[in-house]
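The model shown is predicted, which means the values in this text are computed figures rather than measured ones.
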Amino acid sequence: MGQAVFIMFVAMSLIPAGDTAAKLLIGQYGASPFFVAWSRFLIGALAILPFAPTATWALFANWRIWMRAMFLTVGITSIQFALRSEPIADVFAAFFIGPIFSYVLSVIFLREPVTWQRTALILLGFAGVLLVVRPGFGGSGGLAFAVLAGLCYGAFLTTSRWLSGLAAPVSLVFTQLAISATLLAPLGLLQFPQLGMPVASLTLASGLFSMLGNLLLLFAYRLAPATQLAPLVYFQLLAATALGWAVFSDLPDTLTWAGLVLVIGSGITSALLRR
């Protein structure tokens, strides 16, 4: 369990680190969000390709695999547009509407059980997201992309549960990366930036950090039950806040801090209820 917790903390730090590199690419070097999203998927797919089982290729004939990847494509692309103008901590807080939306979809489509405790916590987490986004009350328009990303990610999580028994985790990860890279290739290639050393380095960092973070999740879940590790997913918010302060000197305002506390607190409590 100690090894699993350590791996989770590393993984949950790598994912915001990938988005920090993406924000630098877009904000300081003028890279297109489409290029950043496409390159992230491409680098991840190429890195994991040697480990993909032979049976993986048959999955590309399944329409459900393509639908799942499309949710991820729109979600990750939307995050890049949000990062163009918003602090990383705010983006991640708004993005965490995803687990809330996934809960609703899972109840409707997967017939998962409903409890009043978890529903109350979901509503509390949604209130936290609203405190960060503040629609019509001082929140910025860029966070709408973060909310869209979260909604797409929630749909991606639900379809992932739906298809979890279809193939090995490595196969599912490879298909989502490869399909997303394929779908975004026209937009990514059309807006290819000049590749100096900073741009190339940040592009590799964005893709590899994100891929490694998600891959380490798979290893952690092999060492300990998902119900015990689920609360640690919210460490992403703390890592994003720390990176935003260290790299961009961004610190959340009072309402955003309150929203972060609600999102993290409700998410951890909801995960602990599964034990």
- Note on the structure: Sorted by chain and number, sequence neighbours left out, salt bridge (Lys or Arg N to Asp or Glu O under 4.0 Å) with D90 holds for none
Greater than 12 external heavy atoms within 6.0 Å of [X]'s [atom1]:
X	atom1	result
M70	CE	no
F60	CZ	yes
Q117	CD	yes
F248	CZ	yes

Hydrophobic clustering (ILVMFWY, side-chain heavy atoms < 4.5 Å, transitive) - are [Y] and [X] grouped together?
X	Y	answer
L216	L243	no
M197	L24	no
L190	I76	no
F41	V199	yes
L110	Y103	yes

- Query: Can you list the residues that meet the ring-ring contact (aromatic ring centres under 6.0 Å, His included) rule with F34, with sequence neighbours excluded?
  - Reply: F81
Side-chain donor/acceptor of [X] to backbone N/O of [Y], under 3.5 Å:
X	Y	answer
S201	P198	no
W245	D250	no
W257	P252	yes
T269	S266	no
S206	L202	no
T158	S102	yes
D19	A22	no

Any chance you could measure [X], atom [atom1], to [Y], atom [atom2], to the nearest 0.5 Å?
X	Y	atom1	atom2	result
R40	T77	CZ	OG1	10.0 Å
R84	F145	CZ	CZ	6.5 Å
L237	I264	CG	CD1	4.5 Å
W38	T73	CH2	OG1	13.5 Å
T203	L195	OG1	CG	6.5 Å
L189	L187	CG	CG	9.5 Å

With the side chain counted from C-beta on, respond yes when [X] and [Y] share a heavy-atom pair under 4.5 Å apart, and no when they do not.
X	Y	value
Y29	P193	no
L184	L42	no
R64	L166	yes
I100	L123	no
I122	F126	no
I43	M211	no
Q236	F96	yes

- Task: Mind jotting down which residue pairs meet the ring pair (Phe, Tyr, Trp, His ring centres under 6.0 Å) criterion with at least one end in residues 150-180? Sequence neighbours excluded, please.
- Result: W57-F174, F95-Y153, Y153-F156
- For residues R68 and S160, is any side-chain donor paired with an opposing acceptor at under 3.5 Å? yes
Minimum heavy-atom separation for [X] and [Y], please, with both atom names.
X	Y	value
S85	G142	OG-CA, 3.9 Å
L105	A155	CD1-CA, 3.7 Å
A149	I79	CB-CG1, 3.5 Å
A69	S180	O-OG, 3.4 Å
I88	K23	CG1-CD, 3.7 Å
L262	G128	CB-CA, 3.7 Å

- Item | Stepwise side-chain contact (heavy atoms from CB on, under 4.5 Å) test for I65 and L172 | CA-CA 8 Å; I65 290 292; L172 292 173; 3.8 Å; yes
